[in-house]
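The structure under discussion appears below in the form of C-alpha cells.
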Amino acid sequence: MHCLPLYENTTTRTGFHVQKQQQRILNLYMDFSTPLGARLCEVVQLQAEKTELVSDGIIGGKCTEMDQRTTNLFRVMILSVIVLPGPGQAELSSTFYDSSCPNLTTIVSSQVTSAIAAEARMGASLMRLHFHDCWVNGCDGSLLLDDTQTFTGEKTSNANNNSVRGFEVIDTIKTDAEAQCPETVSCADILALVARDSVFQLGGPTWEVLLGRRDSLTASRDDANTFLPAPTSNVSTLQANFAAVGMGTDEDLVALSGAHTFGKGRCSLISARIGGDPADPTIDPDYNATLNSICSAGASTLVDLDQDTPTDFDNAYYSNLLILRGFFTSDQVLQSEGGSTADLVLSYASDQDTFFTTFANSMIKMGNLSPLEGTDGEIRVNCRVVNPTVATM
C-alpha cells in the first residue's frame, strides 16, 4: 500500500498537530518515488533502527508498503528529521559577540572589502557559500570541511565540485578572529556575515545578521547531492526543494534566485539550454547566439550571469527574465512557466526596493535554518577541519 497523503488539519495518533507549512512538506516527502523522498526514507529508517522501531516490526521493508498506522508513525518521524520553520527553531542574536568579540564585524567587512577589490566576482562567490552551507543540514559550516578518512565532505558534491570558491577568504577572516577572540567565533557565523557584506558592498541591501551558530562535526556529500537544487530544475521541483528545507514560499524562491544577478556560471551547466534542436523557445535567439559563441571555447568556460551589470547586485536578473535572458533553466522557468513566480518576477523587475526588502528577509530566514546552538557541535579553530580533541574522541 502506498503512503497516504496528509490532509489539512490532520492529527496523528501521537496528538501532534500538523500546521499548514508542515503539511506541505510532509506531502512532498511522503512521495517516496522522488529522489528527495527516497533519501528521506533512508534517513528515517536509520532513525527508526536507533529507536528499535524496526526490530519491533513497526517500520521495515519498503517505504511504499505501509498500512495506515505505520504511515502515521512515519509522518511523526519525518517531522523529527526534516527542517521545519517555526517558533523556537533558533534563538540567535545580532548582539551575540558584542562582548566576546566586539571587533568581529569590522574584521569581516575589512576582509570582504579587500577580496572584492582584488576580484569583483568574489562577492557573488562568498554569498553563495552561505546558501550552499545552509541548504545542506542547516547553517553549520559543514560546507567548509575538507574530506577526511571518516567522511567525504560537501565540497566535491555535484553542485560544489570545481564551483564553490572563496574558502581562502574565510580562512583569513577566521585567522584574524582567532587572533583577537580565540575559540569564540564560529565558521558558520562568519559565512552569514560574509554573505551580507558581499551583497551590500556590491550595491545590494543590508540586513541584521543573527549570530550564535556553532560548527558541525561532519559533512555529507550525499546530502549535498540530494538537497542542493539543480540548474535544470522546473518550478515545481524548485518549490519542492525550497519547501523541503523550510523555505516554502514563492517569495523565498524567487527572491533568493535573484542572487544570480551577479557572478558567473559554467557553460557545461547550460549546454542543453543553448544547444537544443529545435532551439529552446524560452531563450532569446540573440542571447542564445551570444552564449553559444562564448561557450565554443569549451564546457569549462565561465560566463557572466548578467551580461550588462555582472558585478552589481541589482534587479537586472528579473528584467533579463522578462526578455528571455535567464542564464540557467532554473532561472528562466520562474517567468516562462507563469503563475505566482512569474508575477513576482514582474514585481521585482519593476521595483528594486521590493526585491531588496524580500531578499533581505529571506536571507535572515535562511540563516535561521537548523543552526547548532548551546553545546551542540563546536567552535572550530580551523574552518576546514574538526578540532583535534573532538576528532579523536
Side-chain angles (χ1 to χ4, degrees), residues 83 85 87-116 122-123 125-145 166-202 204-219 359-390:
V83 179
Q89 181 194 27
E91 295 182 1
L92 307 177
S93 169
S94 61
T95 62
F96 188 83
Y97 295 109
D98 281 6
S99 298
S100 59
C101 198
N103 293 327
L104 176 61
T105 56
T106 301
I107 293 171
V108 173
S109 178
S110 175
Q111 291 298 341
V112 170
T113 299
S114 296
I116 291 175
M122 185 56 71
S125 299
L126 293 173
M127 187 271 157
R128 189 174 176 225
L129 288 178
H130 185 41
F131 177 91
H132 280 227
D133 180 48
C134 291
W135 226 249
V136 182
N137 300 319
C139 308
D140 59 4
S142 57
L143 173 62
L144 303 176
L145 288 172
F167 298 111
E168 295 80 7
V169 179
I170 305 302
D171 291 340
T172 300
I173 293 171
K174 180 60 173 172
T175 298
D176 289 352
E178 284 296 312
Q180 294 193 31
C181 323
E183 301 179 25
T184 300
V185 178
S186 72
C187 303
D189 278 344
I190 289 174
L191 289 178
L193 288 167
V194 160
R196 188 268 310 273
D197 289 357
S198 296
V199 169
F200 180 66
Q201 292 190 29
L202 290 172
T206 188
W207 58 90
E208 185 176 70
V209 177
L210 303 180
L211 303 166
R213 302 167 190 82
R214 288 170 64 84
D215 299 321
S216 70
L217 304 179
T218 188
F359 181 84
N361 289 335
S362 291
M363 286 297 293
I364 294 171
K365 181 178 177 181
M366 185 185 77
N368 201 42
L369 293 177
S370 195
L372 299 173
E373 298 178 276
T375 58
D376 292 337
E378 66 175 4
I379 302 298
R380 286 187 217 135
V381 175
N382 179 344
C383 291
R384 295 174 180 263
V385 297
V386 174
N387 292 339
T389 55
V390 175

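Keep in mind that the numbers below use all heavy atoms, side chains included, and drop hydrogens, waters and symmetry copies.
Put simply, the side chain of S370 does not reach to within 4.5 Å of the side chain of N137, judged on heavy atoms. Between L211 and S94 the shortest side-chain heavy-atom distance does not fall below 4.5 Å. Using a 4.5 Å cut-off on side-chain heavy atoms (C-beta onward), N368 and L92 make contact. With contacts defined as side-chain heavy-atom distances shorter than 4.5 Å, the pair C139/F131 does not qualify. Counting only heavy atoms from C-beta outward, the side chains of L129 and L143 approach each other to under 4.5 Å.
Every salt bridge (charged side-chain N to carboxylate O under 4.0 Å, His left out) that E178 has, sequence neighbours left out, goes to K174. Checked against side chain to side chain donor-acceptor pair (under 3.5 Å), S114 has no partners two or more places apart in sequence or in another chain. For S93, the side chain to side chain donor-acceptor pair (under 3.5 Å) partners at least two apart in sequence or on another chain are T95. In terms of the side chain to side chain donor-acceptor pair (under 3.5 Å) criterion, T172 has no residue partners (sequence neighbours excluded). N382 pairs by the side-chain contact (heavy atoms from CB on, under 4.5 Å) definition with R384, V385, not counting sequence neighbours. Listed by chain and number, the residues in a ring-ring contact (aromatic ring centres under 6.0 Å, His included) with F96 amount to none (sequence neighbours excluded).
Distance check: I170 CD1 to L193 CG gives 10.0 Å after rounding to the nearest 0.5 Å.
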Identify all side-chain donor-acceptor contacts of residues 212-219 below 3.5 Å with residues at least two apart in sequence or on another chain.
| from | atom 1 | to | atom 2 | distance (Å) |
| --- | --- | --- | --- | --- |
| R213 | NE | G367 | O | 3.1 |
| R213 | NH1 | D189 | OD1 | 2.6 |
| R213 | NH1 | L210 | O | 2.8 |
| R213 | NH2 | L210 | O | 3.0 |
| R213 | NH2 | G367 | O | 3.0 |
| R214 | NE | G374 | O | 3.1 |
| R214 | NE | D376 | O | 2.5 |
| R214 | NH2 | G377 | O | 3.3 |
| D215 | OD1 | C187 | N | 3.0 |
| D215 | OD1 | A188 | N | 2.9 |
| D215 | OD2 | C187 | N | 3.1 |
| D215 | OD2 | R380 | N | 3.0 |
| S216 | OG | T218 | O | 2.9 |
| S216 | OG | R380 | NH2 | 3.1 |

Side-chain donor/acceptor pairs under 3.5 Å, residues 98-111, sequence neighbours excluded:
| from | atom 1 | to | atom 2 | distance (Å) |
| --- | --- | --- | --- | --- |
| N103 | ND2 | Q180 | OE1 | 3.2 |
| Q111 | NE2 | D176 | OD2 | 2.9 |

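N387 contributes a side-chain N or O that, together with a main-chain N or O of V381, makes up a donor-acceptor pair within less than 3.5 Å. Side chain of D140 to backbone of C134: no donor-acceptor contact under 3.5 angstrom is found.
A pairwise comparison of heavy atoms in T184 and Y97 identifies O-CE2, 3.4 Å as the closest pair. In terms of heavy atoms, F359 sits closest to P205 at CD2-CG, 4.2 Å. For the residue pair S198 and L126, the shortest heavy atom distance occurs at OG-CB, 3.5 Å. For V112 against Q201, the heavy-atom pair with the smallest separation is CG1-NE2, 3.7 Å. For V136 against S142, the heavy-atom pair with the smallest separation is O-OG, 3.9 Å.
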Check: Can W207 and N361 be said to form a side chain to side chain contact (heavy atoms under 4.5 Å, CB included), step by step?
Finding: CA-CA 8 Å; W207 58 90; N361 289 335; over 6 Å; no

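Within 6.0 Å of CZ on F200 lie no more than 12 heavy atoms contributed by other residues, nucleotides or ligands.
Sorted by first and then second residue, the salt bridge (Lys or Arg N to Asp or Glu O under 4.0 Å) pairs with a member in residues 190-200 form an empty list; sequence neighbours excluded.
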